[in-house]
Amino acid sequence: MPQRRLAALAAAVVIVAAGLAARALLPGAVAKYAGDLLYTLLVYALVVVAVPRARPFVVAAVALGVSWLVEFAQLTGVPAELSAHSTLARLVLGTTFNAPDLFWYAVGAAVGYAIHSIRTK
């Protein structure tokens, strides 16, 4: 496993732990929006695991696109229906659309891009 892929996998584990800690330790809105940011960072890390040589801008665009796609899918009610039957679906897909989430996903993609850009120089 290439070093970049291994580092991204380790980052994914740390991001999940940070998300769980944020949920447990931070107050409501702070935990929610931290979770949004971390969600996109996790998608970012998983894209790097899958395609370790991808350029930071491309990875950021994919991570943001996936995050926004999931958020907009919540307008259909399908994620809410799936989430009613599965904890994993609720964690991955959410349940209800919330426009401010779109901003925090962009922040998460920007943070991932910044870290990745620094690490690849």
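Not measured: the values here are computed from a predicted model.
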Side chain Y39, main chain A34, donor-acceptor under 3.5 Å:
no
Applied to residues 43-66, the side chain to side chain donor-acceptor pair (under 3.5 Å) test, sequence neighbours excluded, yields Y44-H116
Kindly write out the residues that satisfy side chain to side chain contact (heavy atoms under 4.5 Å, CB included) with [X], not counting sequence neighbours, or none if the list is empty.
{"X": "S86", "result": "L88, A89"}
{"X": "V30", "result": "L26, P27"}
{"X": "A54", "result": "V51, V59"}

For V107, the hydrophobic cluster (side chain heavy atoms closer than 4.5 Å, chained through members) also holds I15, V16, L20, Y33, L37, L38, L41, L42, L46, F103, W104, V111, I115
Table please: side-chain donor-acceptor pairs of residues 67-80 below 3.5 Å, with sequence neighbours left out.
| from | atom 1 | to | atom 2 | distance (Å) |
| --- | --- | --- | --- | --- |
| S67 | OG | T40 | OG1 | 2.8 |
| S67 | OG | A63 | O | 2.9 |
| W68 | NE1 | L102 | O | 3.0 |
| E71 | OE1 | Y105 | OH | 2.8 |
| E71 | OE2 | N98 | N | 2.7 |
| Q74 | OE1 | F97 | N | 3.4 |
| Q74 | NE2 | L93 | O | 2.7 |
| T76 | OG1 | A73 | O | 2.6 |
| T76 | OG1 | V78 | N | 3.2 |

Applied to residues 20-31, the salt bridge (Lys or Arg N to Asp or Glu O under 4.0 Å) test, sequence neighbours excluded, yields none
Here the salt bridge (Lys or Arg N to Asp or Glu O under 4.0 Å) pairs for residues 89-103, sequence neighbours left out, are K32-D101
Closest non-hydrogen contact found for A31 with A22 is CB-O, 3.4 Å
- Item | Verify same cluster id: L64, V43 (apolar side-chain graph, 4.5 Å) | yes
Worksheet entry | Connected via hydrophobic side-chain network under 4.5 Å: L9 and V48 | no
